Trainee: 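Here's a structure for you.
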Amino acid sequence: MNQERHILLLFPHPDDETFSAAGTVMMHKKKHGTKVTVASLTLGEMGRNWGNPPVANRETLPLVRREEMANASEVMGVDEIRHLGYRDKTLEFEELDTVAAHLKEVIMDVNPSLVITFYPGLSIHPDHDATGAAVVEAMKRIPENERPKLHTKAIDARSVEEIGEPDIEYDIGDWMDRKLEAIAAHESQMQEVTAITKQKLAEGDEDTEAWIRYEQFWIYEL
Amino acid sequence: MKNIQADAVQTALNTFKGQQIYVHFELTNGAYAAYRHGKFQASGGFVRNARVNVLHGKISGDDPFRVGLKTEDGWIFAEGLTAFEEKANESLYLYGLDEQGKLSVALQLSTVPFEEGVDTT
Ligand SMILES: [Zn+2]
């Protein structure tokens, strides 16, 4: 595992950061004392899951998810959280130029050694793809000698076929329980997922274990 | 949030009569809802802060419920409504939630605009 000074996670929805990189973050922190900033473009305002029974409505969901993200970040040991103020589901309709300029500012200000985001075009949800695309554009605008590394998460089933095997795979082994704890902190969204995942892990389901245990990234060459 | 009580909803709808209100209307089957022919297909949409002048509104049906609002320029219609929340003389939120509590339809009516941007502090 490379030593990183500071990791910046740039993701559109509260919970993306946890699923994508909880173990990676915790391992870097433990091993090298890496500083970690999480920046969330939206608050997942348009989520369909409000808990069962509901703990939120359409108007209070962003407040609930902000709180949940703070709780998950605490589990992961995140040092700083930033909310970038976009609205769920609308990212692909913003001007790419505007979002890229904004993200460039955020990256320059945080000054990380590594940025992690979604791989544009292979991340299923339009907000995921739009975030990846805006981060790539933002990174291109940073002079090469100041530019951090960029690692991306591809989640589409076609990913390996399209861009090859991931360049990096962390076996987060010992950190699985804490990752599950961080996932569970996104309570309004993850009640069902947490219950099913725990049950499958208890049954020894290998796919579920692999899904939680191996965090894979593709190095993005700009 | 409570299960819809038709009387309470009708009373709330009546308070919007003759008023200009803001509407948040939304339908969704979720962004991860369906893979059709191996391809991902979400359906849905939303309108936030549309302004309409209400002539009258009615609730109909029996769990799930339907609500229709006749407006100065046309109509608003929603079905599959199961739950509601209200703030007296200000807002009425109507939702359709499925068995797992997942949202499928939302119709929110308010005399004050819904929040747009997000507080980034
Ligand atoms: Zn997401």
Side-chain angles (χ1 to χ4, degrees), chain A residues 12-16 39-63 65-66 69 81-94 102 106 122-130 155-158 187-189 191-193 195-196, chain B residues 1-4 22-35 38-49 78 80-87 90-110 112-121:
Chain A
H13 313 118
D15 73 18
D16 292 330
S40 188
L41 277 78
T42 85
L43 283 169
E45 292 88 352
M46 295 300 288
R48 290 184 74 207
N49 294 330
W50 298 351
N52 192 15
V55 295
N57 63 36
R58 175 56 73 237
E59 299 307 310
T60 59
L61 187 65
L63 308 173
R65 294 194 70 175
R66 175 195 287 255
M69 190 170 157
I81 304 171
R82 295 188 181 206
H83 294 287
L84 303 188
Y86 296 93
R87 193 173 176 88
D88 196 9
K89 285 191 193 279
T90 66
L91 284 173
E92 61 181 326
F93 307 109
E94 294 277 3
H102 181 189
V106 172
L122 290 173
S123 294
I124 300 187
H125 190 299
D127 283 334
H128 296 179
D129 286 333
I155 54 177
D156 193 288
R158 299 172 292 136
E187 217 179 331
S188 65
Q189 308 303 301
Q191 272 175 338
E192 219 182 318
V193 173
I196 293 170
Chain B
M1 199 177 302
K2 292 178 286 198
N3 292 333
I4 285 184
Y22 295 85
V23 179
H24 171 106
F25 181 53
E26 171 187 351
L27 280 173
T28 176
N29 65 359
Y32 298 90
Y35 274 83
K39 267 186 76 182
F40 149 76
Q41 175 168 324
S43 309
F46 71 88
V47 178
R48 190 160 175 84
N49 279 329
L81 300 168
T82 58
F84 84 115
E85 246 180 85
E86 62 170 328
K87 203 178 201 182
E90 185 179 307
S91 64
L92 173 65
Y93 298 170
L94 296 155
Y95 301 121
L97 303 172
D98 69 15
E99 303 258 287
Q100 288 90 45
K102 282 191 176 58
L103 183 80
S104 49
V105 55
L107 174 60
Q108 299 185 157
L109 312 169
S110 177
V112 295
F114 296 100
E115 251 177 65
E116 217 5 81
V118 173
D119 175 11
T120 57
T121 52

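The model shown is predicted, which means the values in this text are computed figures rather than measured ones. Chain letters run A, B, ... following the sequence lines, proteins first and then strands; every chain starts at 1.
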Trainee: Considering only heavy atoms and a distance below 4.5 Å, find which of B/Tyr93, B/Phe114, B/Tyr95 pairs most often with chain A.
Mentor: B/Tyr95
Trainee: Got a sec: does the CD of B/Glu85 have more than 12 other heavy atoms crowding it under 6.0 Å?
Mentor: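 More than 12 within 6.0 Å, yes.
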Trainee: What heavy-atom pair brings B/Leu103 and A/Arg48 nearest, and what distance separates the two atoms?
Mentor: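 Smallest interatomic distance, heavy atoms only, reads O-NE, 2.6 Å.
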Trainee: Tell me, side chain or backbone of A/Ala157 under 4.5 Å from chain B's heavy atoms, or both, or neither?
Mentor: neither
Trainee: Which atoms form the tightest heavy-atom contact between A/Pro54 and B/Leu97, and what is the distance?
Mentor: CG-CD1, 4.0 Å
Trainee: Between A/Glu45 and B/Arg48, is there a salt bridge with N-O shorter than 4.0 Å?
Mentor: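 Answer for the salt bridge query: no.
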Trainee: What residues, two or more places apart in sequence or in another chain, satisfy side chain to side chain contact (heavy atoms under 4.5 Å, CB included) together with B/Leu107?
Mentor: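 With neighbours one apart ignored, the set is B/Val23, B/Phe25, B/Val67, B/Leu69, B/Ile76, B/Ala78, B/Leu94, B/Leu109.
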Trainee: Between B/Gln108 and A/Glu59, does any side-chain donor sit less than 3.5 Å from a side-chain acceptor?
Mentor: yes
Trainee: Using non-hydrogen atoms and a 4.5 Å limit, figure out which bit of A/Glu192 sits close to chain B: side chain, backbone, both or neither.
Mentor: side chain
Trainee: When you check the gap from the basic side-chain N to the acidic O, do B/Glu115 and A/Arg58 get nearer than 4.0 Å?
Mentor: no
Trainee: Measure distances from A/Thr60 to the heavy atoms of chain B and classify the residue's part below 4.5 Å as side chain, backbone, both or neither.
Mentor: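 Neither part.
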